[in-house]
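These notes concern the structure reproduced below.
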Amino acid sequence: MALYLYNTLGRTLQEFKPITHGKVGMYACGPTVYTFAHIGNLRTFIFEDILRRTMEHLGYEVTHVMNITDVGHLTDDADQGEDKMTRSAREKKMSVWEIAEFYTQAFLNDMKELNLNSPTVICKATDHIDDMIELIKKLEKKGYTYRAGGNIYFDVERFPDYGKLALLDKQELKAGARIQVDEYKRNPRDFVLWFTRSKFDHQAMMWDSPWGRGYPGWHIECSAMSMKYLGEQFDIHCGAIDLVPVHHTNEIAQSEAATGKKWVNYWVHGEFLLMGEDKMAKSAGNFITLKDLKEEGFDPLDYRYFCLGGHYRVQLQFSREALKAARAARLHLTERVKEIRERTSPSELSEIGEKGKSYIDSFRGNLSHDLNIPRCLSDLWGVVKDVELSDAEKLAIILDMDRVLGLRMEEAKREELDEAQLQLIRDREEARRRKDFVRADAMREELKKQGIILEDTPDGTRWKKIE
RNA sequence: GGCGCCGUACCCAAGUGGUAAGGGAGAGGUCUGCAAAACCUUUACGCACCGGUUCGAAUCCGGUCGGCGCCUCCA
């Protein structure tokens, strides 16, 4: 089944055709590790995980590369003083290297808890300074750069297609609207490839280069590392929507200028998470982290489920109410799967009947249509509730769908009780037979204190643990 | 000012010109010693508003109102 993706380059839905048959090279812009990722950042990584799992589900062998931006870059709108990493280091009384390592680990932990499959390659900017220098040298040789005020700039005038991704030619740039204009730039859209003169007082990370001791510009790392691991041309580059006008635009310019080839075929961008009505941003101070949600009693997978409820290209409104709804839905789902598994083991996918196949087809169709995950979730619920499917079929289909959704359905199994608890349940059943309901209710109350809920059914008493 | 996105039930939200997915919450019912779970039924003659195209519009076109994002930190 053909996969259709919305390509920001061209702004249309396009059939995905890989460069190499059966394989996909995919680069995802990773986190900047000077503080904890907030749940808005994490939405993007959940989307990328879904994209990667979808392609694998459709039979592609995926090479997924994600970078870690551990070189500090700028502070805020004022753009002066210290860089992010330096400031964070000062506040935490740690070195910039320790800060980067600490938040990198925190991020990788978030990924694990959200059940994000680990990228094939995770690469740190600071491990690839030489690759960046080589790329800048190449650009310099071809005449795409100029030196001014101690820095090396990329000259956008030399690259005619500049801004194609972001439709910048249709926009009027309001230069200096938010940021002071860099007096050394020939064109306001020019950007720095290598700094030797830091804007910051206490620049901590510095490297030697042909242009002097300094540090790389922000955009060069993604070009250098993606081409190192995926080649000069690859299939998909993704990230959040805010990266389109500057970061990705500049990446394209420097990459294609260096190689003279088209760099990336499909650009796939995820929309923002909104906090109430506004965007969630570190600078606005209205952000929350996965840790915050856990402290409020949510499971990271509740947040994953919540994100799956909205399409990746549409802004999603976060609220505690909406997250609670997602949690309730996920717990119901998990409970249902536990019940099914208790009765059966999954059948072979090849033995699924017509009715079951229609769900699988629907699911794949929705996936293929620009990752319509909300519809896929709807298909999943359809399977769970269908009265014509056998339990074995249901379980097989659910587990198959979950390879994409990543809700850990394979772990939805009945927990174990100890012998004393099992005995108490048997005693209670005995009391019920004697119609000693006062005693029976007391025992149920006692089990509830131990976190066990009882349900009396015509087939006997069932129990489950409270989450 | 320029560019882009979006207004669907109490809430989140899908919708690919053919008669409004799904989840949550609420209500009624079946079952039950009670409870819970499960299941069944139910909640938008209508998709911000006004025109237009069409046999047919939530979907396409134009306009109005409202919201969000971006315009060199940004997921």
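Every chain is numbered from 1 and lettered A, B, ... according to where its sequence line falls, protein lines coming before strand lines.
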Counting distance only, does the side-chain N/O of A:Asp292 pair as donor-acceptor with the main-chain N or O of A:Thr289 below 3.5 Å? yes
Does [X] reach a base, just sugar-phosphate, or nothing at all? Heavy atoms under 4.0 Å.
X        : answer
A:Leu42  : nothing
A:Asp441 : base
A:Arg462 : nothing
A:Leu454 : base
A:Lys385 : sugar-phosphate
A:Asn366 : base
A:Arg343 : nothing

For the side chain of [X], starting at C-beta, report the closest nucleotide among [options].
X        : options             : result
A:Ile453 : B:A36, B:G4, B:A21  : B:A36
A:Lys185 : B:G33, B:U72, B:G15 : B:U72
A:Ala329 : B:G24, B:A14, B:A37 : B:G24
A:Ala325 : B:G4, B:G24, B:U72  : B:G24
A:Trp381 : B:C68, B:U72, B:G23 : B:G23
A:His311 : B:G33, B:G15, B:G69 : B:G15
A:Arg428 : B:C12, B:G33, B:G23 : B:G33

For the [atom1] atoms, the ones on [N] and on [M], what distance do you get once it is rounded to whole angstrom?
N     : M     : atom1 : result
B:G67 : B:U19 : C1'   : 29 Å
B:A38 : B:U32 : C1'   : 12 Å
B:A20 : B:C34 : P     : 41 Å
B:G66 : B:G26 : C1'   : 29 Å

Using the rule given for side chain to side chain donor-acceptor pair (under 3.5 Å), can you reason through A:Asp361 versus A:Ser358, listing the C-alpha separation, both sets of side-chain angles and the distance that settles it, and then say yes or no? CA-CA 5 Å; A:Asp361 289 345; A:Ser358 72; over 6 Å; no
Pairing partner of B:U19, by Watson-Crick or G-U wobble and under 3.5 Å for both distances, is none
Respond yes when some side-chain nitrogen or oxygen of [X] is under 4.0 Å from OP1 or OP2 of [N], and no when none is.
X        : N     : answer
A:Asn372 : B:U16 : no
A:His332 : B:G24 : yes
A:Arg444 : B:G33 : no

Ring geometry between [Y] and [X] (parallel below 30°, tilted from 30 to 60°, perpendicular above 60°):
X        : Y        : value
A:Tyr215 : A:Phe195 : parallel
A:Phe154 : A:Tyr144 : parallel
A:Tyr266 : A:Phe16  : tilted
A:Trp263 : A:Phe234 : perpendicular

Please state how far atom [atom1] in [X] lies from atom [atom2] in [N], giving the value in whole angstrom units.
X        : N     : atom1 : atom2 : value
A:Leu447 : B:C34 : CG    : P     : 21 Å
A:Leu331 : B:A38 : CG    : P     : 11 Å
A:Phe154 : B:U72 : CZ    : P     : 19 Å
A:Phe306 : B:C11 : CZ    : C1'   : 11 Å
A:Glu455 : B:A36 : CD    : P     : 10 Å
A:Gln315 : B:C68 : CD    : P     : 10 Å
A:Glu271 : B:G4  : CD    : C1'   : 9 Å
A:Asp302 : B:G24 : CG    : P     : 13 Å

Between A:Arg186 and A:Asp155, does a salt bridge (Lys or Arg N to Asp or Glu O under 4.0 Å) hold up when you go through it step by step? CA-CA 8 Å; A:Arg186 295 177 187 168; A:Asp155 185 354; 3.7 Å; yes
